Structure formats: structure tokens, C-alpha cells
Asker: 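Here it is: the structure, laid out below.
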Amino acid sequence: MQQVAAEVEELSLAERAYRAIRDRLVMLEIRPGAPINEEQLGQSLGVGRTPVREALKRLQYERLITTYPRRGTFATEVNITDLAHISEVRLELEPLAAAQAARRATAADRANLTALRAELEGGGLGRDPAALMRLDLRVHRAVYTATHNPYLEDTLVRHDNLATRIWCLFVDRLSGMAGHVEEHGPLIAAIVAGDADRAARLARSHVEGFERAVREAI
């Protein structure tokens with residue numbers, strides 16, 4: 001029993017390490033191309049090297065880090081040429097996710113989305129780019145969770161993370177950023193109302209607007 005409990009604890013630590021490191025990479029708090037130091041990460045997160053190593057395995061699969069023989073592990077570079085490929089996937093799957101969330105969201109999902117909409121409309125974030133992007137991530141992840149399709153959710157989380165890294169790289173050149181995040185208000189309203197068709201249309205428009213804004217900023 002003690003061994004089983006230890007394994008469960010190790011899994012939970014690995015999950016905590018994964019989420020923390022993932023979000024540092026997504027928000028470019030770990031800069032593109034920066035070396036990944038397992039020991040330093042473990043110390044900053046308060047976990048051992050094993051959970052960090054487990055987290056890094058997942059992050060390599062998700063294209064957030066890369067390992068070179070005899071050189072070490074590094075945060076992946078942000079390549080603007082990837083935008084078209086990422087958008088190609090998101091243009092198909094974001095509308096699907098929004099529609100399925102409208103059909104399948106539980107009462108708890110709708111309550112969570114409604115609370116996020118209140119944050120969007122509250123204006124408390126002002127123009128702080130980091131706060132806006134973190135809220136954007138939370139909204140997207142809440143929509144994906146509400147699909148109740150773990151395969152769709154995992155795929156979209158990975159692609160949204162990569163898209164957010166591109167957004168972070170060009171944030172100083174982007175105009176109308178707050179408006180882009182606030183577009184989620186009508187999308188959330190459509191999902192909560194169970195209007196799958198409207199939710200899908202708004203989700204597609206949101207992805208198109210993101211790609212257009214980034215390309216204009218380059």
C-alpha cells in the first residue's frame with residue numbers, strides 16, 4: 001500500500017510540475033531557445049528531479065522543448081512559419097469544440113464559463129498583456145474541457161499553447177489585444193445557451209482574427 005501511495009504522490013507531483021513548466025514555456029517566461037535545467041526547475045517548484053523529468057517527456061512530445069544529443073534540453077524556438085500549420089488545425093477543431101461544448105456542457109461547466117465571462121466583462125484586467133493572455137488560456141481550456149472529449153481537448157490544448165507562444169512573441173506589436181480576448185464573451189454566451197451553430201461560427205471567426213492580427217504585426 002505504501003508503494004502504491006508513493007506512486008500516486010509521484011504522479012501528482014509530475015502533473016503539477018508539468019502544468020507549471022508548460023505555462024512558463026507558453027507565456028515565454030522561459031524564453032525560446034533557453035536551456036532547461038532540471039535541478040533549477042525542481043528547486044523552483046519544490047519537487048524532485050523525477051517529476052521534472054516526467055514533465056519534460058510530455059513537453060517534448062508537445063513541441064515545447066527539444067533535446068539535442070550532447071548539448072542538452074532547450075525551450076523550442078517560436079517560428080512564425082508554424083502559424084499557418086497551427087491555424088489550419090485550429091480552424092477545423094476550434095469550431096467543433098465550441099459546438100460540442102454547447103451540446104455537452106454540464107451545469108458545472110456552464111457555471112465556470114459564466115464566471116469567466118464575468119471576468120472578461122469586469123474590466124479589472126485593464127491592458128496588462130500577461131493577465132489578458134492568461135485569461136485567454138483559461139477560457140480556451142474551459143471550453144475544451146466542456147466538450148467532454150479528452151482526445152479533442154488534448155489536441156486543442158497543445159495547439160492553443162503553441163499559438164499563444166506566437167502571440168506572446170509579438171504582443172508588443174499587436175493592437176486591439178483586449179478586444180481579441182473580449183470576443184470570448186459572445187462565444188461563452190452561445191455555449192451556455194446551447195447554441196452549437198452560433199458557437200462554432202464565433203470560434204472560427206476568433207481563430208481567423210488571431211491569425212490576421214499576428215500577420216499584420218509581423
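Every value quoted in this text rests on a predicted model; they were computed, and no experiment measured them.
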Asker: Does some side-chain heavy atom of V26 sit less than 4.5 Å from a side-chain heavy atom of D160?
Answerer: no
Asker: Go through the side-chain N and O atoms of Q100 and Y144 and say whether any donor and acceptor fall under 3.5 Å apart.
Answerer: no
Asker: At their closest point, which heavy atom of I21 faces which heavy atom of L59, and how far apart are they?
Answerer: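 So the two residues come closest at CG2-CD1, 3.5 Å.
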Asker: Step by step, would you call T155 with R158 a side-chain contact (heavy atoms from CB on, under 4.5 Å)?
Answerer: CA-CA 5 Å; T155 299; R158 290 201 304 272; 4.0 Å; yes
Asker: Shared ILVMFWY cluster between V207 and L152, side chains joined below 4.5 angstrom?
Answerer: no
Asker: Answer yes or no: is there a side-chain heavy-atom contact under 4.5 Å between M133 and W167?
Answerer: yes
Asker: Sort and list the pairs that fulfil ring-ring contact (aromatic ring centres under 6.0 Å, His included) and have at least one residue in residues 182-204, not counting sequence neighbours.
Answerer: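 Qualifying pairs, neighbours excluded: H140-H184, H184-H206.
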Asker: Do you know the tightest heavy-atom contact between L45 and A20?
Answerer: CD2-CB, 3.5 Å
Asker: Please list all pairs passing the salt bridge (Lys or Arg N to Asp or Glu O under 4.0 Å) test where one or both residues lie in residues 194-204, with sequence neighbours left out.
Answerer: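 Residue pairs passing salt bridge (Lys or Arg N to Asp or Glu O under 4.0 Å), neighbours aside: R204-E208.
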Asker: Taking all non-hydrogen atoms of both residues, which atom of M27 and which atom of A130 are closest, and how far apart?
Answerer: CE-O, 3.7 Å
Asker: Excluding sequence neighbours, so at least two apart, what forms salt bridge (Lys or Arg N to Asp or Glu O under 4.0 Å) with E183?
Answerer: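 Scan of E183 (salt bridge (Lys or Arg N to Asp or Glu O under 4.0 Å), adjacent residues dropped) gives none.
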Asker: Starting at CD1 of I188, measure out to CD of E121 and round the result to the nearest 0.5 Å.
Answerer: 8.5 Å
Asker: Mind checking what makes salt bridge (Lys or Arg N to Asp or Glu O under 4.0 Å) contact with E62, not counting sequence neighbours?
Answerer: none
Asker: For S205, give me all partners under side-chain hydrogen bond (donor to acceptor under 3.5 Å, both in side chains), at least two apart in sequence or on another chain.
Answerer: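 Here no residue qualifies.
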Asker: Compare every heavy atom of A55 with every heavy atom of A14, then report the nearest pair and how far apart it is.
Answerer: O-CB, 4.0 Å
Asker: Can you list the residues that meet the side-chain hydrogen bond (donor to acceptor under 3.5 Å, both in side chains) rule with D154, with sequence neighbours excluded?
Answerer: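 Partners of D154 under the side-chain hydrogen bond (donor to acceptor under 3.5 Å, both in side chains) test: none.
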Asker: Any non-hydrogen side-chain atom of L83 less than 4.5 Å from a side-chain atom of F210?
Answerer: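 L83 reaches F210 side chain to side chain.
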Asker: Report the distance from atom CD1 of I30 to atom CG of L25, rounding to the nearest 0.5 Å.
Answerer: 4.0 Å
Asker: Name the residue from V78, I80, I86 that meets the side chain to side chain contact (heavy atoms under 4.5 Å, CB included) definition with D82.
Answerer: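 Answer to the side chain to side chain contact (heavy atoms under 4.5 Å, CB included) test with D82 among V78, I80, I86: I86.
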Asker: Quick one: CZ on R24 to CD1 on I36, what's the gap to the nearest 0.5 Å?
Answerer: 10.0 Å
Asker: Does any non-hydrogen side-chain atom of L64 lie less than 4.5 Å from one of L162?
Answerer: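 When only atoms from C-beta onward are counted, L64 and L162 do touch, with a gap below 4.5 Å.
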Asker: For H159, which residues count as a ring pair (Phe, Tyr, Trp, His ring centres under 6.0 Å) partner, sequence neighbours excluded?
Answerer: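 Expected list: none.
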Asker: Can you list every side-chain hydrogen bond (donor to acceptor under 3.5 Å, both in side chains) pair that touches residues 106-115, not counting sequence neighbours?
Answerer: T106-D109, D109-H148
Asker: Whether E182 and R117 form a salt bridge (side-chain N of Lys/Arg under 4.0 Å from carboxylate O of Asp/Glu) is what I want to check.
Answerer: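 Salt bridge absent between R117 and E182.
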Asker: Mark yes or no: R71 above the aromatic ring of F74, with NZ or CZ under 6.0 Å from the six-membered ring centre and no more than 45 degrees from the axis.
Answerer: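 That pair qualifies as a cation-pi contact.
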Asker: Within the side chain of S44, is there an N or O that forms a donor-acceptor pair under 3.5 Å with the backbone of L41?
Answerer: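 Judged by distance alone, yes, a pair lies under 3.5 Å.
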Asker: Quick one: pull up CD in E94 and CG in L187 and give me the separation to the nearest 0.5 Å.
Answerer: 8.5 Å
Asker: Excluding sequence neighbours, so at least two apart, what forms side-chain hydrogen bond (donor to acceptor under 3.5 Å, both in side chains) with T76?
Answerer: R165
Asker: Residues in salt bridge (Lys or Arg N to Asp or Glu O under 4.0 Å) with R31, at least two apart?
Answerer: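 Checked R31 against salt bridge (Lys or Arg N to Asp or Glu O under 4.0 Å); zero matches.
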Asker: Nearest 0.5 angstrom please: L169 CG to T164 OG1, how far?
Answerer: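 Going from CG on L169 over to OG1 on T164, the span is 12.5 Å.
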Asker: Show me the pairs that pass side-chain hydrogen bond (donor to acceptor under 3.5 Å, both in side chains) and involve residues 34-43, at least two apart or across chains.
Answerer: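 Residue pairs with at least one partner in residues 34-43: E38-R53.
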Asker: May I have all residue pairs that pass salt bridge (Lys or Arg N to Asp or Glu O under 4.0 Å) and include part of residues 130-141, sequence neighbours excluded?
Answerer: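 Every salt bridge (Lys or Arg N to Asp or Glu O under 4.0 Å) pair that includes a residue of residues 130-141, provided the two are not neighbours, is D23-R141, E29-R134, E119-R138.
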Asker: Can you tell me how far apart CD1 (I191) and CG (L202) are? Round to the nearest 0.5 Å.
Answerer: 9.0 Å
Asker: Looking only at non-hydrogen atoms, find the nearest pair between A102 and A190 and report the distance.
Answerer: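 Minimum heavy-atom separation between A102 and A190: CB-O, 4.3 Å.
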Asker: Cluster question for you: counting only ILVMFWY and a side-chain heavy-atom cut-off of under 4.5 Å, with indirect links fine, are L28 and L135 together?
Answerer: yes
Asker: Please check if the side chain of N161 supplies one atom and the backbone of V157 the other of a donor-acceptor pair under 3.5 Å.
Answerer: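 Such a contact is found between N161 side chain and V157 backbone.
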Asker: Output yes when E211 and R215 qualify as a salt bridge under the 4.0 Å nitrogen-oxygen rule, no when they do not.
Answerer: yes
Asker: Side chains of T66 and Q60: donor-acceptor distance under 3.5 Å anywhere?
Answerer: no
Asker: Please check if atom CZ in R19 has more than 12 non-hydrogen atoms from other residues, nucleotides or ligands closer than 6.0 Å.
Answerer: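 Incorrect, the count does not exceed 12.
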Asker: Kindly give the heavy-atom pair with the smallest separation between A200 and A99, and that separation in Å.
Answerer: CB-CB, 4.3 Å
Asker: I would like to know whether T81 and N79 meet side-chain hydrogen bond (donor to acceptor under 3.5 Å, both in side chains); could you show each step before the answer?
Answerer: CA-CA 5 Å; T81 60; N79 192 338; 2.6 Å; yes
